[in-house]
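Start at 1 and go down the list; that is how both ligands and their atoms are numbered.
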Amino acid sequence: MSIRVKSFLKDVGGADRVTEARREKLKNASAVPDPKDPIRELADKLHPSEMQFRVVDIRDASPTAKAFRFESVDGHIPVFQCGQFVNFRLKIGESLLTRPYTISSAPYEARGEHPFFEITVRRNVPYLVPDYFFENVHVGDVLTGALPFGTFYWEPLRDTNELVALAGGSGITPFYAMAKEIAHGKMRGCKLTILYGSVKSDDIVLKNELDEISAECPDVKVVHVLSDDPGWQGEHGFITREIIEKYSTPNSTFLFCGPLAMFRFVSKALEEMGVPKRRFRHDVVNNPADISTLPGYPKGTEEKAFHITVVRGIHEDVINAKASESVAVALERSAIPVDTHCRNGKCGFCRSQLLSGDIFVSPIGDGRRAMDKELGWFHACSAYPLSDLKIKIPIM
Ligand SMILES: Cc1cc2nc3c(=O)[nH]c(=O)nc-3n(C[C@H](O)[C@H](O)[C@H](O)COP(=O)(O)OP(=O)(O)OC[C@H]3O[C@@H](n4cnc5c(N)ncnc54)[C@H](O)[C@@H]3O)c2cc1C
Ligand code: FES
C-alpha cells in the first residue's frame, strides 16, 4: 500500500519526467517572477482591445439602411464568425458612446487580398447613432472599435446544419453574413432558409443582395414575409407557426434576430410546435423603447428625473438621469466612459455596484449572477433609476 501511494505522489509531481535540460534551466532561473505571458501577448496582438478602422465604402442597402465597409488601419482584421459584432466607441456631441453592430459581411471577405468587414445600419426613425452614421460618417473617416464579440453563431457541435433564420428589420445582418459564407462553400454543409419579416417591400434591408444569393446558391433560400404590402406576390402577414412549419423540418435549428415584439411572437409559435429549447437560439433582444411597459415597473415613475453619484476610483461625479433611460445612457450622456457590448444585461461588461438607491432591472435580459444580485451588483445597460443613486463603476 505504501509503495502505491508513494509512486502515485511521484507521478503527480512529475519530477521523474523533468529533463536534464529543464533541470539546468530551473537551477539558473531568476527568483523574481517573469511578468511576460507570451500567450496573452499573442492574444492581445490578434484581438486588440481597441483598433482603428477606415471607412472605404458606403452604399445603400435599402431606402432606410446603409452598408459601411471598413479596412483595418492596424493591418489585420481579427478572426470572427458569422453573427458576431463589432463594438464602436463614438463621441457624439458631448456623449461618449459604445454601440454594437453585427458584421454583415462574411468572414472569408476579411481574409482575402483586400480584407474588409461591413456593417449595415438601419435608420427607419430618427435615432442618435444611426443618424450619426448617416450624416457624419464619410469615406476616409477612421472609427475606433474592437471585434469580435457575441456568441450568436453556428456551432456544429451544438446546432444541426439545417438552419432556419427568423429575422426582422436590421436583424437580417447575421443571416446575410451566413448566406454569403455558405454560398462561398464555408460552414460545412449548412443549408439556410431565411424567413425575413418586413412591413413593406421598401423596408427589406439588403433585398437585392439576398435575392441574388438565393437565386444562385441552392443551399440558401430567402422567403420575404410582408405584413402590409397588398401588391406583394409572396408570403403575407407575420411569421406564424404555419409559415415556420412550411419552411422547416423536424431537424431544423432556429436562429432568431429581430425586435422584442417579434421575438415574443415567434417564441410562442416555436413552443407550440414543440421545438426543444436547444434548437432555438436567439441574438440579443433589446429592451422596449418605453421601459414602463415591462411587468414589474412601478407605474408613474417613468416621467421622473434623478441624480446619480458616480464613483470611479478616486473620482466622484454627480450626473442627471431620466427614469426612462438606463444608467448606461445617463453615463454616456455625461461623457463618463462605460464599456457596453450587448446593451441588454447579458454579457456583464457594464457590471457596476449599487451603493445606495433603488433601480428597476429589466427582466428581458437579466444576466446577473445570483451572488451579484445578493451583493448589489447590477448591469448598467439594463438598470433604470427609481430614486437618486450612488454607484461605483469600473474605470475604462
Ligand atoms: C448585438 C447587437 C447587434 C446589433 N446590430 C445592429 C445592426 O447590424 N444594424 C443596426 O442597424 N443596428 C444594430 N444594433 C442596434 C444598434 O446597436 C443601436 O442600438 C441602434 O442603431 C440604435 O442606436 P441608438 O444609440 O440611437 O439607440 P439606442 O441604443 O437604442 O438608445 C435609445 C435612445 O436613447 C437616446 N440616447 C441614447 N444614448 C444617448 C446619448 N448618449 N445622448 C443622447 N441620447 C441618447 C436616443 O434617443 C436613442 O434613440 C445591434 C444591437 C446589438 C445589441
Ligand atoms: S453591456 Fe452587456 S450587460 Fe451591459
Side-chain angles (χ1 to χ4, degrees), residues 61-62 64-68 82-105 117-135 137 145 147-153 167-177 203 205-206 257-260 282-291 319-322 324-352 361-362 364-369 372 377-384 393-394 396:
S62 82
T64 57
K66 281 186 192 292
F68 296 79
C82 304
Q84 290 193 295
F85 62 85
V86 52
N87 206 29
F88 285 110
R89 292 186 185 172
L90 306 164
K91 182 167 186 335
I92 303 181
E94 291 307 306
S95 297
L96 286 180
L97 308 148
T98 44
R99 283 295 182 279
Y101 285 93
T102 300
I103 302 163
S104 55
S105 54
F117 73 89
E118 290 186 350
I119 61 165
T120 305
V121 181
R122 189 163 185 239
R123 180 172 75 161
N124 52 336
V125 288
Y127 254 59
L128 180 76
V129 179
D131 286 359
Y132 175 79
F133 267 99
F134 273 56
E135 309 292 342
V137 175
L147 80 160
F149 299 103
T151 55
F152 185 63
Y153 49 80
S170 64
I172 191 63
T173 48
F175 307 126
Y176 177 51
D203 295 326
V205 177
L206 296 162
C257 189
L260 176 63
H282 60 84
D283 201 1
V284 175
V285 180
N286 284 327
N287 285 317
D290 180 359
I291 200 69
I319 64 169
N320 295 318
K322 295 179 189 170
S324 57
E325 290 186 339
S326 72
V327 172
V329 170
L331 293 167
E332 289 175 344
R333 280 189 191 280
S334 304
I336 295 182
V338 49
D339 197 11
T340 66
H341 287 215
C342 74
R343 296 187 71 79
N344 194 31
K346 278 267 190 288
C347 71
F349 270 90
C350 63
R351 182 172 173 267
S352 307
V361 175
S362 164
I364 304 281
D366 186 0
R368 290 174 302 163
R369 291 175 293 195
D372 276 1
W377 290 83
F378 68 102
H379 296 171
C381 66
S382 60
Y384 296 75
I393 65 166
M396 227 177 120

Practice item. Enumerate the atoms of ligand 1 whose separation from the nearest heavy atom of Ser170 is less than 4.0 angstrom. Key: 9 (N), 10 (C), 11 (O), 12 (N)
Check your understanding: Relative to the heavy atoms of Phe85, which atoms of ligand 1 are at a distance of less than 4.0 Å?
Key -> 1 (C)
Check your understanding: Which residue owns the protein heavy atom closest to atom 22 (C) of ligand 1, what's the atom, and how far is it?
Key -> Tyr127 CD2, 3.3 Å
Check your understanding: Is at least one protein non-hydrogen atom found at under 4.0 angstrom from atom 33 (C) of ligand 1?
Key -> no
Review point. Does any N or O atom in Asp283 lie less than 3.5 angstrom from one in ligand 1, N or O only?
Key: no
Study note, to complete from the structure: Counting from 1 in the order shown, the ligand 1 atoms closer than 4.0 Å to a non-hydrogen atom of Ser95 are 40 (C), 41 (N), 42 (N)
Check your understanding: Got an N/O contact under 3.5 Å between Asn286 and ligand 1?
Key -> no
Revision key, fill the gap. Quick note on ligand 1: atoms under 4.0 Å from a heavy atom of Val121 include exactly 11 (O)
**Study point:** Student check: side-chain heavy atoms of Arg343 and Val329 closer than 4.5 Å
**Key:** yes
Check your understanding: Any non-hydrogen atom of Ile119 lying under 4.0 Å from ligand 1?
Key -> no
Exercise for review: Using heavy-atom distances, let me know which of Gly150, Pro100, Ser334 sits nearest atom 15 (C) of ligand 1.
Suggested key: Pro100
Practice item. Identify the residue among Asn287, Asn286, Asp283 that makes a side-chain hydrogen bond (donor to acceptor under 3.5 Å, both in side chains) with Asn344. Key: Asn287
Check your understanding: Do we get Lys66 above Phe133's six-membered ring, with its NZ or CZ under 6.0 Å from the centre and within 45° of the axis?
Key -> no
Exercise for review: Could you pull out all residues at least two apart from Ser62 that satisfy side chain to side chain contact (heavy atoms under 4.5 Å, CB included)?
Suggested key: Thr64, Ala65, Val205
**Study point:** Validation row: Phe152, Cys257 side chains within 4.5 angstrom (heavy atoms)
**Key:** yes
Point to revise | From NZ (Lys346) to CD1 (Ile364), nearest 0.5 Å | key: 9.0 Å
Check your understanding: Between Leu128 and ligand 1, is there a nitrogen or oxygen pair with a distance under 3.5 Å?
Key -> yes
Review point. Do you know which of Thr102, Thr120, Ile103, Leu206 makes side chain to side chain contact (heavy atoms under 4.5 Å, CB included) with Tyr176?
Key: Leu206
Point to revise | Cys82 to Tyr153 - nearest heavy-atom pair and separation | key: O-CB, 3.2 Å
Practice item. Not counting sequence neighbours, which residues clear side chain to side chain contact (heavy atoms under 4.5 Å, CB included) with Asp339? List them please. Key: Asn87, Arg89, Thr98, His341, Phe349, Met396
Point to revise | Val129, any N or O under 3.5 Å of ligand 1 N or O | key: yes
Practice item. Look at atom 41 (N) of ligand 1 and say whether a protein heavy atom is found at less than 4.0 angstrom from it. Key: yes
**Study point:** Numbering as shown, the atoms of ligand 1 that approach Glu332 to under 4.0 Å (heavy-atom distance)
**Key:** 38 (N), 41 (N)
Check your understanding: Within a radius below 2.8 Å of atom 2 (Fe) of ligand 2, how many protein N, O or S atoms are present?
Key -> 2
Check your understanding: Among His341, Gln84, Arg99, Lys91, whose heavy atom sits nearest atom 19 (O) of ligand 1?
Key -> Arg99
Revision key, fill the gap. Residue set satisfying side-chain hydrogen bond (donor to acceptor under 3.5 Å, both in side chains) with Arg99, at least two apart, ordered chain then number -> Glu332
